[in-house]
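Heavy-atom basis, side chains included; hydrogens, waters and symmetry copies ignored. Numbers here are sequence positions counted from 1.
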Amino acid sequence: RNTLERESSFVASNLETNLRHLYQAVQRMAERIVLQDTFNASTWNAEAQKYFSDFPYLIAMNVQDGNNVKHQIYSPSWLHYSPTLSDSIKNEQDRFSLLINQNFGMFVPFALNAEHYVGWLSFKPQRNTRQLNVLVDYRMLIYDILEQADLFSRLELSVLFSLETIYHSSGYKDSKQGHLGQYSEFSFIGHNISIEAYPSTSALAYWQSSLPNLVLAVGLLISLLITWLIHLLQSLIEKHQLVAFNQQLQAEVRKKQQAQSALVASNQKLLSSNRDLEQFAFIASHDLKEPLRKIQAFGNLLAGEYADKI
């Protein structure tokens with residue numbers, strides 16, 4: 001029973017950790033997209049491919065601006081695994097759009113087909129119209145967790161997401177007839193996720209054998225340590241990328257400030273030049289008036305003296 005409790009807790013802990021890590025990554029990606037003045041398709045495609053690589057249980061992602069869903073991109077590995085996947089998603093597009101437009105956050109998964117139990121994870125930064133939506137295959141996420149710890153042959157599981165069954169192992173019904181079972185649950189973004197675990201027939205025979213439980217405990221400890229190190233490395237990599245992105249933004253801000261300073265200096269030079277021209281025009285007009293007055297005076301004298309001869 002203690003071994004079953006540890007393994008069930010391991011599955012629940014890893015599922016919660018993976019979901020939180022995914023949600024934080026999606027949040028950071030959405031904030032980076034919002035910071036961009038204009039949407040860059042090539043940058044979006046490159047970043048999406050990286051997310052598909054880091055999170056193999058992501059099926060698709062898109063950017064929504066208002067009520068318009070656009071820039072949808074599918075995971076290459078998923079399309080290779082299931083060529084009809086994009087058609088299935090297109091057939092469900094109306095339902096997806098309805099879910100997306102309800103609110104933001106995490107939506108209850110549903111069966112896309114026999115192999116994919118999917119749900120939208122959405123994030124929209126405040127005071128912005130753009131929204132990032134990613135389509136997650138929760139069944140594949142559970143597969144990955146079980147495969148990492150080699151629990152496929154030892155546990156029979158049932159995983160419920162807000163009372164929707166998203167995973168049901170083939171031998172779960174038969175194993176449930178026994179008295180040895182373990183129940184775990186946790187809350188995530190307003191949803192209750194519960195896990196019910198029973199030992200498989202082969203695992204029960206193994207636990208009842210004379211093999212020491214120490215081997216199993218060490219294996220679980222190593223698995224937990226590896227999982228923690230992987231998440232730590234991913235967090236450090238994303239932190240480094242965020243720092244580089246912030247430095248790039250600061251460099252662009254400095255360039256804009258320098259350009260603005262150059263523009264102000266140019267305007268000052270123009271104003272000084274205009275003042276010089278005005279002074280020149282005033283001086284020129286004043287200097288020209290005196291000769292004109294003398295010419296007029298001499299003209300008047302000539303006209304008065306020689307008026308009878310002209």
Side-chain angles (χ1 to χ4, degrees), residues 23-54 61-73 97 100-101 103-105 121-134 234-307 310:
Y23 186 78
Q24 291 168 0
V26 171
Q27 180 179 353
R28 287 191 291 268
M29 185 180 187
E31 289 173 346
R32 287 197 295 272
I33 291 174
V34 168
L35 284 174
Q36 298 174 1
D37 293 333
T38 58
F39 188 87
N40 189 305
S42 60
T43 302
W44 157 251
N45 183 71
E47 189 161 5
Q49 295 302 329
K50 182 183 181 303
Y51 271 67
F52 287 140
S53 175
D54 291 343
M61 53 177 61
N62 62 54
V63 176
Q64 181 180 348
D65 198 343
N67 291 326
N68 298 320
V69 177
K70 49 190 176 181
H71 305 296
Q72 181 132 301
I73 185 170
S97 299
I100 292 173
N101 289 325
N103 50 36
F104 310 112
L121 183 63
S122 301
F123 186 83
K124 178 182 179 183
Q126 295 181 353
R127 299 184 299 276
N128 199 282
T129 59
R130 289 181 189 165
Q131 173 183 338
L132 177 65
N133 307 309
V134 299
Q234 289 176 340
S235 299
L236 290 174
I237 291 173
E238 290 197 359
K239 183 178 180 180
H240 175 72
Q241 292 175 342
L242 185 59
V243 169
F245 181 73
N246 288 336
Q247 291 175 346
Q248 182 182 355
L249 283 179
Q250 290 174 0
E252 291 179 359
V253 169
R254 285 194 294 270
K255 288 181 181 179
K256 289 182 179 179
Q257 289 175 344
Q258 291 172 356
Q260 187 175 5
S261 298
L263 182 60
V264 170
S266 178
N267 288 338
Q268 292 294 336
K269 290 182 180 179
L270 183 60
L271 291 173
S272 177
S273 177
N274 288 340
R275 285 194 296 270
D276 291 343
L277 287 174
E278 289 176 356
Q279 290 178 352
F280 175 78
F282 175 77
I283 293 171
S285 63
H286 180 270
D287 291 345
L288 288 174
K289 286 180 181 178
E290 184 61 27
L292 289 175
R293 282 196 295 268
K294 288 183 177 181
I295 291 172
Q296 185 177 5
F298 280 111
N300 292 335
L301 289 174
L302 290 174
E305 189 174 348
Y306 299 99
I310 298 176

Measuring from atom [atom1] of [X] to atom [atom2] of [Y], what distance do you get when rounded to the nearest 0.5 angstrom?
{"X": "L271", "Y": "K269", "atom1": "CG", "atom2": "NZ", "result": "12.5 Å"}
{"X": "N274", "Y": "Q279", "atom1": "CG", "atom2": "CD", "result": "11.5 Å"}
{"X": "H240", "Y": "I237", "atom1": "NE2", "atom2": "CD1", "result": "9.5 Å"}

| request: Would you please test S261 and Q258 for side chain to side chain contact (heavy atoms under 4.5 Å, CB included) and show each step? | output: CA-CA 5 Å; S261 298; Q258 291 172 356; 5.6 Å; no
- Task: Test side chain to side chain contact (heavy atoms under 4.5 Å, CB included) on M29 and M61 and set out the steps.
- Result: CA-CA 11 Å; M29 185 180 187; M61 53 177 61; 3.8 Å; yes
Checklist entry - Any side-chain heavy atom of L270 within less than 4.5 Å of one from S266? => result no
Task: N45: partners by side chain to side chain donor-acceptor pair (under 3.5 Å), with sequence neighbours left out - done: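 Side chain to side chain donor-acceptor pair (under 3.5 Å) list for N45, sorted by chain: empty.
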* Among all residues two or more places apart in sequence or in another chain, which pass the side chain to side chain donor-acceptor pair (under 3.5 Å) test with E252? ->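 Testing E252 for side chain to side chain donor-acceptor pair (under 3.5 Å), a comparison that skips the adjacent residues, returns none.
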Which heavy atom in W44 sits nearest to a heavy atom in N62, and how many Å separate them?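 Result for this residue pair: CZ2-CA, 4.0 Å.
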message = Testing the basics here: between V26 and L132, what is the closest heavy-atom pair and its distance to 0.1 Å?
response =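 Taking every non-hydrogen atom into account, O-CD2, 3.6 Å.
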Y51 side chain to A25 backbone, donor-acceptor under 3.5 Å: yes
Under the rule for salt bridge (Lys or Arg N to Asp or Glu O under 4.0 Å), what residues qualify as partners of K50, not counting sequence neighbours?
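Salt bridge (Lys or Arg N to Asp or Glu O under 4.0 Å) list for K50, sorted by chain: D54.
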Checklist entry - Passes side chain to side chain contact (heavy atoms under 4.5 Å, CB included), F52 versus I73? Steps please. => result CA-CA 10 Å; F52 287 140; I73 185 170; 4.2 Å; yes
